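The analysis underlying the following values was restricted to heavy atoms, covering all of them including side chains, and did not include hydrogens, waters or symmetry mates. All values reported here derive from a predicted model rather than from experimental measurement.
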Amino acid sequence: MIDSPPLEASRYDWYAQYNPHYGCRMYKFHIFHLEEFPVHFTFSPGAAHDSPFSIPLAQKVSRMKPSLKKILMDAGYDSFLNHAEMFGMFWVAPLIEWWENAVCSPDGTEWRINARVNRLWKERASCPT
């Protein structure tokens, strides 16, 4: 599971950003859990969107070669790129909650996701390291 619990900042921390959803100045932990155990985390500002932090976090965990049956993520991580990258790294279709106003795209079909994963693999395979 990947989640981003809030970490409320001290009232004296002038660098913490205000998050209107939680109604406080805060930071976020983006945590990758393996069952109930936290495996790795990333720290971010409180008003930052969750999605950009999931792929670097998952890349660090993928080096550990975990055996996953599913990946659960909340709606803050819902994006086509997250679906494709998580499947490409772990070979597991992620279960990402949708926003209530989400729109289904034809690019979200299983065939299109597999095509995207294959294209990303070919692009990375051709890049010199």
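Distance OG1/Thr42 to NZ/Lys60: 5.5 Å, rounded to 0.5 Å. Distance CE/Met89 to NZ/Lys65: 12.5 Å, rounded to 0.5 Å. Here the NE2-CD1 distance, from His83 to Ile113, works out to 6.5 Å after rounding to the nearest 0.5 Å. To the nearest 0.5 angstrom, Glu8 atom CD is 9.0 Å from Met26 atom CE. Rounded to the nearest 0.5 angstrom, Asp3 CG and Lys28 NZ are separated by 10.0 Å. Separation of atoms CD1 (Ile55) and CD (Glu85) is listed at 4.5 Å; rounding is to 0.5 Å.
Looking only at distances, a side-chain donor or acceptor of Arg25 sits under 3.5 Å from a matching main-chain atom of Trp14. Remark: side-chain polar atoms of Asp13 are not paired, donor with acceptor, to backbone N or O of Ala9 under 3.5 angstrom. Distance alone, capped at 3.5 Å, places no donor-acceptor pair between the His33 side chain and the Glu35 backbone. Judged by distance alone, with hydrogens and angles left aside, the side-chain atoms of Asn19 form a donor-acceptor pair with the main-chain N or O of Gly46 at under 3.5 Å.
The cluster map of Ile, Leu, Val, Met, Phe, Trp and Tyr, joined by side-chain heavy atoms under 4.5 Å apart, puts Tyr27 and Phe41 in the same cluster. Two different hydrophobic clusters hold Ile71 and Phe37 under the rule that ILVMFWY side chains link at heavy-atom gaps under 4.5 Å. Using a 4.5 Å cut-off between side-chain heavy atoms of Ile, Leu, Val, Met, Phe, Trp and Tyr, with links allowed through other members, Leu68 and Leu72 fall into different hydrophobic clusters. Met1 and Val92 fall into different hydrophobic clusters, where Ile, Leu, Val, Met, Phe, Trp and Tyr side chains are chained together by heavy-atom contacts under 4.5 Å. Under the 4.5 Å side-chain contact rule for hydrophobic residues, Phe32 and Leu95 do not share a cluster.
In this structure, His49 and Ser51 approach most closely via the heavy-atom pair ND1-N, 3.1 Å. Contact between Ser54 and Met86 at its shortest, heavy atoms only, is O-CE, 3.6 Å. Nearest heavy atom pair, residue Ser4 against residue Asp50, reads OG-OD2, 3.0 Å. Across Tyr18 and Ala47, no two heavy atoms sit closer than the pair O-CB, 3.9 Å.
Counting heavy atoms from C-beta outward, Ile31 and Ile2 have side chains that stay 4.5 Å or more apart. Val61 is listed as a side-chain neighbour of Pro66, based on a closest heavy-atom distance under 4.5 Å.
A search for side chain to side chain contact (heavy atoms under 4.5 Å, CB included) contacts involving Ala48 returns Ser44, Pro45, Phe53, not counting sequence neighbours. Residues satisfying the side chain to side chain contact (heavy atoms under 4.5 Å, CB included) criterion with Arg116, sequence neighbours excluded, are Phe80, Leu81, Ala84, Arg119, Leu120.
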* Asked: Is there a ring pair (Phe, Tyr, Trp, His ring centres under 6.0 Å) between Phe29 and Phe43 once you walk through the steps?
  -> CA-CA 5 Å; Phe29 277 126; Phe43 189 71; 5.5 Å; yes

